Student: 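Sharing a structure, written as structure tokens. Questions coming.
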Amino acid sequence: MFRRLQTHQGKVVTVCVEGNDVRVPAGDSVAAVMLAMDLLPTRTTAVSGAPRAPLCMMGVCFECLIEIDGVANQLACQVQVSEGMRIRRQHGAGDPAS
Amino acid sequence: MNAPRELVIIGAGPAGMAAASTAAGLGVDTLVLDQQPAPGGQIFRGIGQAGPAHLELLGSDYQAGTERVASFVHSSADYQPDTAVWSLGADGELGILQRGEARMISARRVVIAGGAMERPIPFPGWTLPGVMNAGGAQVLMKSSRLVPLDGVVIAGSGPLLILLAWQYMRAGVAVQAVLELAPRKNLWRAGLRLPAALRAGHYLTRGLGYLLALRRAGIRVTYGVSDLKAVGNDRLEAVTFRTGGREQSLETGNLLVHFGLVPGIQLTEAAGCRHQWNDGQQCWRPQTDAWGNSSVDGIAVVGDGAAIGGAVAAVHAGCLAGLEAARALEHIDAAERDRLAVNDRQWLQNDLRIRPFLESLHRLPETLLSGTADDTLVCRCEEITAGEVRAAVRAGHRDPNQVKFITRCGMGPCQGRQCGQAVANIVAAACDRPVSEVVPFRVRPPLRPVSIGELSMLESGNNTA
Ligand SMILES: Cc1cc2nc3c(=O)[nH]c(=O)nc-3n(C[C@H](O)[C@H](O)[C@H](O)COP(=O)(O)OP(=O)(O)OC[C@H]3O[C@@H](n4cnc5c(N)ncnc54)[C@H](O)[C@@H]3O)c2cc1C
Ligand code: FES
């Protein structure tokens, strides 16, 4: 579990995480939002369904794969939140139809 | 494709920013690309939004970034954030991805300043949610002010362990334990290198200061730890380890691991640069000369992406590469370059004096590099265990690239960034050969998955892959 050090005073945006609207700091990465909300695991693997979560936060481990605005396999740690963004945890290879 | 730029710099960390300011200041048409949304690289992540309290909390090394970023932003270099480079050819042609569109651009000269990544070391339970890289958790603190809520265990080896524990302590985080996994005998080896290190003594004073502050706060740093395991079902519940012959267990929801840094060699591999084994740092590095020139004409590589030297060394090396670019592009002559380089060469040399000491202090034992238990996952993407890699070697595939072909280890989305070194170490040990003689995974573009939609923007005929 993570917590925020100070209450955020800068710009906020509203994003939709797993169907719920939440207000988050505009500078956050999608991975930071998921960790702040303690939504772990952020995905399950395609091979065995094992639970996983962000590891490196710098775009090299690909453990943070997630569905953003209906597109699966985005790197949550490399995408900054934006107003109205829809974020969903990813199960397995990601549902191509969603 | 547009007309070639004179100089393209990949990475806006300390090295890239310094190279850019230097080259642009000498009249070179300079383009800087970085996949992050803001300049600063790994060490100065989030510095643009950091208020005074946050700057104070993170310490003086971080504060230095404000000035570095400002002088870069005020230079005449053209800086494009949110731009990932996914291919690089020996001819200076780059594939870039910007706002969901893939494009090719070309450069007369390229400086790679892509930095390092935390060395992946597989250990039992390392894939459990709740286990993160320590530097990654530090990114969360720098960029989003996120810190562990109720307790954290920090484990591995390297200066970052102590720095992060100190930063957390100041932020009021309960640091349950700091576990140093390098063997105790390292102290003797490091001791021999201490006299030379004293000439970059400020690093030692600062490190000791952090250690003293931790001790005063009652935070335990345990040395000589082995057998680290992360335990839990769907999530981390406890950390177990061995010290002084005894097995210990700590209940925790956060384990942050760090085993030092290794150069990110994807770009230099893709461009066909020659690499060599760096025994002191226990990793491969691109071969470079004193100016950062790689074995490929027109491509230089500087900063932690060339060899781990830290942020200050990265700045000086960046300046030198900027001067060399200006010379190669005929904005200055060699005599002028040499004259302008005097200070940076000296400072670079002085700063690097700390490295042999740090490298021997944090040298990892073979048990961590190649001794991974058979049932531990090595390849997180394709879920291949150390045992499967060893079985492939026993079946006659005595080379990482053959092991990859047979097992799919390293073929997932991360393209072997996480498992490549472990596989090389395990294969070398299984063949009873030094790892320096093993050929690491070959790298092929795209260096990150590029979707059909993104590629559709490429003009036909410009496909390099
Ligand atoms: C996670 C992490 C945390 C760290 N924390 C500290 C710390 O607190 N204190 C400290 O002293 N040192 C720290 N270090 C080490 C420090 O980052 C380096 O010593 C220093 O930043 C090296 O500077 P650089 O310019 O070589 O590389 P970096 O600062 O790493 O900069 C490289 C830049 O290149 C960009 N890049 C890489 N590949 C591509 C690509 N393909 N396309 C586009 N852009 C790309 C990256 O986004 C990055 O901004 C940390 C390292 C890591 C990995
Ligand atoms: S957390 Fe490693 S790539 Fe996103």
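Note on naming: letters A, B, ... go to the chains in the order of the sequence lines (proteins, then strands), and numbering restarts at 1 for each one. Only this structure's heavy atoms are used, side chains among them; waters, hydrogens and symmetry mates stay out. Since this is a predicted model, take the numbers as computed values, not measurements.
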Student: Tell me, for B:Arg380 versus chain A, whether the close heavy atoms (under 4.5 Å) come from the side chain, the backbone, both or neither.
Tutor: both
Student: Between B:Arg448, B:Arg45, B:Gln49, which has the largest tally of heavy atom pairs under 4.5 Å with chain A?
Tutor: B:Arg45
Student: Hey, could you give me the CG/CG distance between A:Leu55 and B:Leu128, rounded to the nearest 0.5 Å?
Tutor: 11.5 Å
Student: Quick check on B:Asp234 against chain A: is it the side chain, the backbone, both or neither that has a heavy atom closer than 4.5 Å?
Tutor: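 Both backbone and side chain.
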Student: Less than 4.5 Å to any heavy atom of chain A: does that hold for the side chain of B:Leu236, its backbone, both, or neither?
Tutor: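 Interface part for B:Leu236: neither.
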Student: Can you find a pair of side-chain heavy atoms, one from A:Leu35 and one from B:Met132, that are under 4.5 Å apart?
Tutor: yes
Student: Check each atom of B:Leu140 against the heavy atoms of chain A and say whether the ones under 4.5 Å are side chain, backbone, both or neither.
Tutor: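 It is the side chain, since no backbone atom gets that close.
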Student: Which region of A:Asp38, side chain (C-beta onward) or backbone (N, CA, C, O), has a non-hydrogen atom less than 4.5 Å from a non-hydrogen atom of chain B, or is it both or neither?
Tutor: both
Student: Would you check if A:Arg52 and B:Thr127 make a side-chain contact, meaning some heavy-atom pair closer than 4.5 Å?
Tutor: yes
Student: Under 3.5 Å, side-chain donor or acceptor atoms of residues 166-173 of chain B against the rest of the protein: list the pairs with distances, not counting sequence neighbours.
Tutor:
from     : atom 1 : to       : atom 2 : distance (Å)
B:Gln167 : OE1    : B:Gln138 : NE2    : 3.0
B:Gln167 : NE2    : B:Leu58  : O      : 2.9
B:Arg170 : NE     : B:Leu57  : O      : 3.3
B:Arg170 : NH2    : B:Glu56  : O      : 2.6
B:Arg170 : NH2    : B:Glu56  : OE2    : 3.2

Student: Does A:Asp28 have any salt bridge (charged side-chain N to carboxylate O under 4.0 Å, His left out) partners at least two apart in sequence or in another chain, and if so, which?
Tutor: A:Arg4
Student: Enumerate by number any residue of residues 112-121 of chain B whose heavy atoms lie under 4.5 Å from heavy atoms of chain A; in the absence of such residues, state 'none'.
Tutor: B:Ala116, B:Met117
Student: To the nearest 0.5 Å, what is the distance between CZ on B:Arg417 and SG on A:Cys56?
Tutor: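 Atom-to-atom, B:Arg417:CZ and A:Cys56:SG are 9.5 Å apart.
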Student: Does B:Gln80, at its CD atom, have more than 12 non-hydrogen atoms belonging to other residues, nucleotides or ligands within less than 6.0 Å?
Tutor: yes
Student: Are there residues of residues 75-89 of chain A that reach to under 4.5 Å of chain B by heavy atoms, and which ones?
Tutor: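 If one takes a 4.5 Å heavy-atom cut-off, the residues of residues 75-89 of chain A near chain B are A:Gln78, A:Gln80.
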Student: Compare all side-chain heavy atoms of B:Ser144 with those of A:Phe2 and state whether any distance is below 4.5 angstrom.
Tutor: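 Sidechains of A:Phe2 and B:Ser144: no contact.
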Student: For B:Val139, is it the side chain, the backbone, both, or neither that has a heavy atom closer than 4.5 Å to a heavy atom of chain A?
Tutor: side chain
Student: Give me the atom names and distance for the closest heavy-atom approach of B:Gly136 to A:Met57.
Tutor: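 That would be O-CG, 3.4 Å.
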Student: With side chains defined as the heavy atoms from C-beta onward, is the minimum distance between A:Asn73 and B:Pro413 less than 4.5 Å?
Tutor: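 Side-chain contact under 4.5 Å: no.
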Student: Could you pull out the closest heavy-atom pair between A:Thr45 and B:Glu383, with the gap in Å?
Tutor: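 It is OG1-OE2, 2.5 Å.
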Student: Just to verify, which of B:Leu146, B:Val147, B:Asp150 counts as forming a side chain to side chain contact (heavy atoms under 4.5 Å, CB included) with A:Arg3?
Tutor: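 Answer after filtering B:Leu146, B:Val147, B:Asp150: B:Val147.
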Student: How close do B:Cys414 and A:Phe62 get, heavy atom to heavy atom, and via which atoms?
Tutor: CA-CD1, 3.5 Å
Student: Report which part of B:Gln42 has an atom under 4.5 Å of a heavy atom belonging to chain A: side chain, backbone, both, or neither.
Tutor: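 The answer is the side chain of B:Gln42.
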Student: When only pairs under 4.5 Å are counted, which of B:Pro37, B:Gly253, B:Pro129 shares the most heavy-atom pairs with chain A?
Tutor: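 Counting heavy-atom pairs under 4.5 Å, the top option is B:Pro129.
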